[in-house]
There are 2 protein chains.
Amino acid sequence: MTLESPSIIDVAKKAGVSVATASRVMSGSTYPVSDGTREKVLIAAKELHYVPNSLARSLKAQRSKLIAVLVGDNADPYFAQVARGVEEVANAHGYLTIICNTERDPDRELSYLQTLQDYRADGIIFTGSGSDETSVPEQLEIDAMVEKIQRRGAAIVILSPHSIQAPSIQPDNLGGAYELTSYLISLGHKRIAFVTGPGNVTVANQRLHGYRQALTDSGITPDDTLLLPGNFTQAGGERAAGMLDQFPREKRPTAVFACNDETAFGLMYGLRQRGWRLPEDISICGFGNLPMARMVTPSLTTVNIALRELGRAGAQKILTLLQHQETPTQETFPTTVVKRASTIPLEHTAGVQQ
Amino acid sequence: MTLESPSIIDVAKKAGVSVATASRVMSGSTYPVSDGTREKVLIAAKELHYVPNSLARSLKAQRSKLIAVLVGDNADPYFAQVARGVEEVANAHGYLTIICNTERDPDRELSYLQTLQDYRADGIIFTGSGSDETSVPEQLEIDAMVEKIQRRGAAIVILSPHSIQAPSIQPDNLGGAYELTSYLISLGHKRIAFVTGPGNVTVANQRLHGYRQALTDSGITPDDTLLLPGNFTQAGGERAAGMLDQFPREKRPTAVFACNDETAFGLMYGLRQRGWRLPEDISICGFGNLPMARMVTPSLTTVNIALRELGRAGAQKILTLLQHQETPTQETFPTTVVKRASTIPLEHTAGVQQ
DNA sequence: TTGTACGCGTTATCAA
DNA sequence: TTGATAACGCGTACAA
């Protein structure tokens, strides 16, 4: 019983060959090794239960076989799905996946970038922490860090709008929001409220723009009193429900576009708590098509983003970049409207004179 | 502009000291260094934007500052919450968190253990992949691998029943299920169905035992025709709904205990699809208290497990073990019944003669 | 086809 | 208090 794990030296000794030869066999080098020798080494390795030390290997090779995914919160279903996709592809190619919860805090983001540089992470995937504020004090440092990481040869990919410069795959937030709003309009709705995202997160603003554009294109003037502040959380949705409940009856919107599903869930819950009937009293829709969107009552109309697939695509792009192969700098990821029971025609909405 | 990141040699050169001295300053060693020299090194390091190479450091120190969490699927809210807690504590102590999706497949579990051994992961947290079958062919290999990892000095902690030998923190599944079932009984229910978990996953069986025990203790004979097969997923819950719908009216249960929340969500959805009214036609409860449990309609009665806190506790235990400090081998993690709207007294249930 | 010997970036041991 | 050097385990020029 060996207390220490055996090194390649032990394998070489046991096989009666040099370390170089043993290494060539174990590392799957293309270097020629005679079949007999190869066999001996493999047997020795098996008998010793030899496991190569990835740390040493990485140190030597200047690459770690680590891929990190930076998310706001891995317990948020949106990020969880993306991370799952990343891990799938990473694992299939022999990479480990590191999870980094930034809590949308630039300080934490920067701190993680430092650490990932320390570990010589081969790939870093940003998802969903991008803010409009190009003027956050940390931005300069983050940019510098990113550049440094890229110079080292690591690959960076962003899966949502972000101020940094890197290849990206972006869900079509604007298009999805436009289509979804158009759908509401096609149902007859004109007074459509919008629950915003946190502060100046770009994704949320893209959806807001899509919403506005669709209204304008249909000859409806966007009404800013119908903009309710949210923050991508259920709690934010519940607060919006409270505000909605305060509207004078004649000014009430007949539909609400919550800028993500979580918000829509909270909104539905909050409205029902206050005695509203859904969808009779108001149509509601979200964005993201989380697994629960189908399950809630009424089932939620929303915009589908194939999140797991997005994660997979992101990881693939990292791998492609690491192989110095060509890949588009900017890719758009399609979104599609999913029509369900939470949105109904205006004429079926309660309190609407036919 | 340097293309390569500077090493400690560069720092030493620039500061005009030896590598040893530079290292002593940078690594925060307790070794005495004169203030002047220390200053010089720190300035040089700052100017060069020196970042220590964690790989080399780990290789030398024989520890990686990596903590891995093995989960069935990180997109499952249960695991996502636990992983979040792990990451919080890990990050606060300078560790990176690696996510490993085993898909409950022993082969993948084994493969990941190998890789984690390669990387000299300092801590490994198992959560929720434990099965009753001690006879899976891989079990022997997994046991051997685990022992090897522990011999190396790495810490292993399990957060759910698992066949391997390691310190554990176990949610009180049996107690929670017992209490929850007792609550249903106190509402007057006698015909209580149970939707099981996948195959022979121990967690699910613990909950089943709690359910049975509570029935027996109340003088109700458990009826195996009320056991519906599930698999911890929404789809499983939907299937169970189909089976429930087939029951002859007089044999219908008046309440269902779904052995996790996901299953309960699917069950509620499936029943409603078939025209059932909830909770009037049947009381439903789950297990886990996921964030969505409160938001569904009707809000779900369930058993709370402080999952994020469980993850935190697991990571803490890892840290404690790594410092060779005392920590209980077996800890129980409390669970509490959360009463909500999805369960009602028997006499309020439709079709029940008063 | 095989072996020798060095370097990857740190830290620890020893000597000065 | 400081410096030279070995070691961690691996891969690879270069030599044989």
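Order of the sequence lines fixes the chain letters, A, B, ..., with proteins taken first and strands second; residue numbering starts at 1 for each chain.
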Q: So what does A:Thr37 hit on the nucleic acid, given a heavy-atom distance under 4.0 Å: a base, only sugar-phosphate, or nothing?
A: sugar-phosphate
Q: Could you list the donor-acceptor pairs under 3.5 angstrom formed between side-chain atoms of residues 312-322 of chain A and any protein atom two or more places apart in sequence or on another chain?
A:
from, atom 1, to, atom 2, distance (Å)
A:Arg312, NE, A:Glu309, OE1, 2.9
A:Arg312, NH1, A:Glu88, OE1, 2.7
A:Arg312, NH2, A:Glu309, OE1, 2.9
A:Lys317, NZ, A:Thr327, OG1, 3.0
A:Lys317, NZ, A:Pro328, O, 2.6
A:Lys317, NZ, A:Glu331, OE2, 2.5
A:Thr320, OG1, A:Gln316, O, 2.8

Q: Would you give a per-nucleotide map of nucleotides 10-16 of chain D, 5' to 3', where B means the base has a protein non-hydrogen atom under 4.0 Å away, S means only the sugar-phosphate does, and - means neither?
A: BBBBBB-
Q: When the side chains of residues 31-48 of chain B are checked against the rest of the protein, which donor-acceptor pairs come out under 3.5 Å, sequence neighbours left out?
A:
from, atom 1, to, atom 2, distance (Å)
B:Ser34, OG, B:Thr37, N, 3.4
B:Ser34, OG, B:Thr37, OG1, 2.6

Q: What I want to check is whether the side chains of B:Gln114 and B:Asp118 have a donor and an acceptor closer together than 3.5 Å.
A: no
Q: Consider only side-chain N and O atoms of B:Glu109 and B:His162, and report whether a donor and an acceptor are under 3.5 Å apart.
A: yes
Q: Roughly how bent is the helix from C:dT1-D:dA16 to C:dA16-D:dT1 end to end, in steps of 10 degrees, with each end axis from five pairs?
A: 50°
Q: May I have all residue pairs that pass side-chain hydrogen bond (donor to acceptor under 3.5 Å, both in side chains) and include part of residues 51-60 of chain B, sequence neighbours excluded?
A: none
Q: Over how many whole Å does the gap from B:Leu55 atom CG to C:dT10 atom P extend?
A: 10 Å
Q: Sequence neighbours excluded, which residues qualify as salt bridge (Lys or Arg N to Asp or Glu O under 4.0 Å) partners of B:Asp73?
A: A:Arg84
Q: In this structure, how many angstroms lie between the P atom of D:dT1 and the CG atom of B:Asp35, rounded?
A: 9 Å
Q: Using distance alone, with no hydrogens and no angle criterion, decide if B:Gln62 and B:Arg120 have a side-chain donor and acceptor under 3.5 Å apart.
A: no
Q: Specify the separation, in whole Å, of atom NZ of A:Lys65 and atom C1' of D:dG9.
A: 18 Å
Q: In whole angstroms, how far is the C1' atom of D:dT1 from the CD atom of B:Glu39?
A: 17 Å
